[in-house]
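Read the structure below first, then the notes.
In what follows, chains are A, B, ... by sequence order, proteins preceding strands, each numbered from 1.
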2 protein chains.
Amino acid sequence: MARRPTIADVAELAGVSRATVSFVLNNRPGVALATQERVRSAAEKLGWTPSRSARALSTGRARAVGLVLAREPELIGTDPFYPAFMAGIESVISETGDGLMLQMSRPGDEVETYRRLAADRRVDGVFLTDLRLDDPRPGLVAELGLPAIAVGGIESDRDLPTVNLDDRPVVRNAVRHLVELGHRNIAYVAGPEEFVHARRRREAWADALAEAGLPRGTSLPGGFTAEGGARATRALLDLPTPPTAIVYGNDLSATAGMAVAQDAGLRLPDDLSVVGFDDVPLASWTSPTLTTCRANPVLWGRAAAQALVEMIEHGTTADVELDPATLVIRGSTGPVPVRGSR
Amino acid sequence: MARRPTIADVAELAGVSRATVSFVLNNRPGVALATQERVRSAAEKLGWTPSRSARALSTGRARAVGLVLAREPELIGTDPFYPAFMAGIESVISETGDGLMLQMSRPGDEVETYRRLAADRRVDGVFLTDLRLDDPRPGLVAELGLPAIAVGGIESDRDLPTVNLDDRPVVRNAVRHLVELGHRNIAYVAGPEEFVHARRRREAWADALAEAGLPRGTSLPGGFTAEGGARATRALLDLPTPPTAIVYGNDLSATAGMAVAQDAGLRLPDDLSVVGFDDVPLASWTSPTLTTCRANPVLWGRAAAQALVEMIEHGTTADVELDPATLVIRGSTGPVPVRGSR
DNA sequence: ACCGCCTTTTAAACCGGTTCAAGTCCCGGT
DNA sequence: ACCGGGACTTGAACCGGTTTAAAAGGCGGT
């Protein structure tokens with residue numbers, strides 16, 4: 001296996017200096033066409049590709065962006081958001097030959113992970129996902145001078161560029177849909193309150209109830225997990241006046257909730273209506289099929305990547321507001337049970 | 001924001017040469033303890049971290065490994081294997097400060113993606129997952145001189161180090177479990193035949209039937225998707241003699257299959273037993289809960305990463321055989337319906 | 001023949017580390 | 001007083017690109 005060719009080899013073969021080869025490669029003006037041609041064919045002949053590391057060293061750019069996943073390992077596989085989100089990122093950055101550096105960390109080591117990423121200059125910028133209230137990361141990336149994009153957290157006072165999708169309209173739609181079906185006792189099973197998006201969804205549910213002139217509903221934590229959703233559902237069904245409809249923070253807890261309700265002998269949607277969030281692939285295949293809210297994580301990824309690239313290149317970028325999620329009405333929602341039927 | 005310190009700054013502050021700083025950093029023997037101390041505290045004081053790119057350039061190692069995900073974008077989110085697998089990889093490589101470079105590609109562009117990864121020398125080695133029959137990648141990485149580990153594909157004639165988990169025993173167990181419950185007509189809904197692991201599971205099912213002295217069963221393609229699983233299930237139920245049990249290539253198609261069966265008026269497991277594969281988080285929360293086969297993708301990731309690191313460092317490594325998956329018996333399997341009850 | 005100017009090309013410094021061959025010191029042995 | 005050798009240290013080359021300042025070449029005008 002021969003040593004791989006360097007720019008010097010190409011220069012020699014083309015009979016020019018290394019500088020010229022570099023100019024041609026980066027198609028900088030000021031090189032005679034004939035020379036360009038000679039250089040290109042020499043490069044081609046030798047099968048030369050510029051070395052990333054050498055380039056990174058002299059340009060100071062890693063040509064890679066970083067994504068830190070700070071979830072408990074056992075939760076990692078449950079969220080279909082990330083794979084799709086990453087696919088969206090890839091579709092943008094691969095166009096310019098950039099790469100995606102993935103780091104996983106325990107939720108606690110997050111800050112350390114970002115620090116290392118920045119110290120190593122392994123990436124030119126990072127995505128901040130799963131933003132929490134009082135999240136240390138916006139301050140951290142500012143301190144580190146690391147270009148970053150906040151994904152999904154609306155933080156009006158932050159100077160961090162944001163790619164946002166407002167979950168509130170679709171949650172309000174979901175509640176409205178239930179109200180139209182006659183429901184008046186609509187509970188909520190929330191995700192972890194520290195997440196901006198989890199809290200926002202819950203607030204939207206509460207707001208929608210108020211808008212409909214309904215009393216405050218019951219909200220219980222479901223932790224975005226199946227177990228949590230099941231537990232919360234059991235608790236809700238044990239209430240003196242159980243809800244006739246439950247809105248869940250995500251599909252995972254909604255599905256678990258449906259199982260719990262059915263185990264308790266309820267028929268869905270006759271006795272209980274259920275709404276999820278995410279539209280996971282299985283949502284069309286539960287029984288009944290799951291009414292849920294569908295966003296487009298691939299588009300999130302694309303938008304976030306575009307914003308980050310612009311941020312890296314120009315030091316600034318505009319906030320992006322994505323099209324809101326849509327309500328997908330399936331079989332798990334139906335008319336409120338006639339009073340006293342239970 | 002001050003320019004970040006270089007090794008020269010540290011050297012100057014410590015009153016030594018750059019070479020000495022480098023030696024201390026890499027704790028090479030032959031540096032006086034007092035000097036080491038001086039260098040370290042100088043580095044600390046300046047907040048110096050060696051630059052990855054500079055290091056990569058002079059050592060020729062990128063200190064990163066690559067994972068290429070070649071799935072249709074819409075399928076990416078459905079498989080809990082990858083996130084957990086990646087978490088396993090991370091847990092190993094982050095110990096040495098290495099990184100994980102993620103590339104996604106359409107199934108067709110796969111080879112191109114590996115080529116680029118190798119040409120850029122962005123990674124020191126790669127994982128080959130989802131191996132197919134006649135997969136071009138083993139040959140490719142050999143040609144490129146790129147260290148690689150085959151994950152999950154048993155290819156006895158390959159000289160590629162392999163981290164393997166034999167799915168066959170657990171599938172045979174599943175079939176045996178069904179046979180013990182009295183089933184004699186056990187069908188299979190398979191994943192795409194081009195995948196080594198999909199084919200292997202199906203063969204294990206067929207073998208187990210033979211071992212039990214049963215006639216050949218019916219196998220239909222389910223493509224590892226919900227839709228495919230649903231379609232295959234409908235077709236199986238429409239057979240003149242429908243199966244009393246169905247084994248699926250993965251949980252996704254199994255869950256969809258359960259929904260189809262229930263829609264057709266069958267009670268599970270009374271009229272039909274179902275077995276999945278993967279043990280996705282939701283498997284405990286379907287109704288009935290899903291009997292399935294559980295492997296440990298995090299361990300796969302760990303083992304694969306360890307093997308790859310060794311491969312990168314020593315040019316060779318032993319094959320690894322992981323503990324087989326286990327059968328998790330839940331509510332979707334039960335005694336065969338009494339003859340003629342349908 | 002000389003000059004200025006524009007186009008094209010190049011030498012050399014630089015990015016920030018690693019590494020090897022060649023020092024420098026110091027000490028004990030003769 | 002001189003020598004050999006081990007323990008430390010260092011100068012300088014090197015990794016493979018980019019970039020700047022300056023040189024070289026060509027050409028029309030006077």
Side-chain angles (χ1 to χ4, degrees), chain A residues 2-40 42-43 46-64 97-98 116 118-122 124 313, chain B residues 2-40 42-43 46-64 96-98 118-122 124 313:
Chain A
R3 190 180 55 80
R4 84 198 221 103
T6 75
I7 198 171
D9 301 325
V10 177
E12 193 184 7
L13 180 58
V16 297
S17 71
R18 299 186 307 153
T20 302
V21 176
S22 176
F23 290 159
V24 172
L25 169 71
N26 301 312
N27 27 236
R28 284 244 291 249
V31 178
L33 247 81
T35 311
Q36 290 190 31
E37 198 40 59
R38 216 149 16 101
V39 169
R40 280 190 220 288
L46 295 175
W48 174 73
T49 322
S51 137
R52 282 270 162 192
S53 357
R55 252 191 172 166
L57 179 57
S58 56
T59 61
R61 279 198 48 182
R63 306 242 49 147
D98 290 4
R116 226 178 57 188
D120 290 354
R121 282 285 186 273
R122 255 209 142 106
D124 300 316
E313 267 160 19
Chain B
R3 188 181 55 79
R4 86 198 220 102
T6 76
I7 198 171
D9 300 324
V10 177
E12 194 185 6
L13 179 58
V16 298
S17 73
R18 299 188 306 153
T20 302
V21 176
S22 176
F23 290 159
V24 171
L25 170 72
N26 301 312
N27 26 235
R28 283 244 291 250
V31 178
L33 246 80
T35 311
Q36 289 189 31
E37 199 39 59
R38 213 146 23 97
V39 168
R40 279 189 221 288
L46 295 175
W48 175 73
T49 322
S51 138
R52 282 272 160 189
S53 357
R55 252 190 172 167
L57 178 58
S58 56
T59 62
R61 278 197 50 182
R63 306 242 50 147
T96 52
D98 289 5
D120 289 354
R121 283 286 185 273
R122 255 209 141 108
D124 301 316
E313 266 160 18

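A:E12 meets the side-chain hydrogen bond (donor to acceptor under 3.5 Å, both in side chains) test with no other residue; sequence neighbours excluded. For B:D124, there are no side-chain hydrogen bond (donor to acceptor under 3.5 Å, both in side chains) partners, not counting sequence neighbours. With sequence neighbours excluded, no residue forms a side-chain hydrogen bond (donor to acceptor under 3.5 Å, both in side chains) with B:R61. For B:A54, the side chain to side chain contact (heavy atoms under 4.5 Å, CB included) partners at least two apart in sequence or on another chain are A:L57, B:S51. With sequence neighbours excluded, the residues forming a salt bridge (charged side-chain N to carboxylate O under 4.0 Å, His left out) with A:R52 are B:D120, listed by chain and number. Applying the salt bridge (charged side-chain N to carboxylate O under 4.0 Å, His left out) rule to B:E37 yields no partners; only residues at least two apart in sequence or on another chain are considered. Applying the side chain to side chain contact (heavy atoms under 4.5 Å, CB included) rule to A:A119 yields the partners B:T49; only residues at least two apart in sequence or on another chain are considered. In this structure A:R18 satisfies the salt bridge (charged side-chain N to carboxylate O under 4.0 Å, His left out) test with no other residue, sequence neighbours excluded.
Using a 4.0 Å cutoff to heavy atoms of chain B, the contacted part of DNA chain C runs 5' to 3' from C:dG16 to C:dC20.
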Side-chain donor-acceptor pairs under 3.5 Å in residues 21-31 of chain A, sequence neighbours left out?
unit_1, atom_1, unit_2, atom_2, d
A:N26, OD1, A:R55, NH2, 2.9
A:N26, ND2, A:S22, O, 3.0

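The separation between B:Q36 atom CD and D:dC8 atom P is 9 Å, rounded to whole Å.
Rotation axes derived from the C1' atoms of the five outermost pairs at either end of the helix from C:dA1-D:dT30 to C:dT30-D:dA1 lie 70° apart, to the nearest 10°.
Within 4.0 Å (heavy atoms only), B:S53 reaches no atom of the nucleic acid at all.
Closest of all the heavy-atom pairs between A:A42 and A:A14 is CB-CB, 3.9 Å.
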- For every nucleotide of nucleotides 17-25 of chain D, 5' to 3': is a protein heavy atom under 4.0 Å from its base (B), only from its sugar-phosphate (S), or from neither (-)? BBBB-----
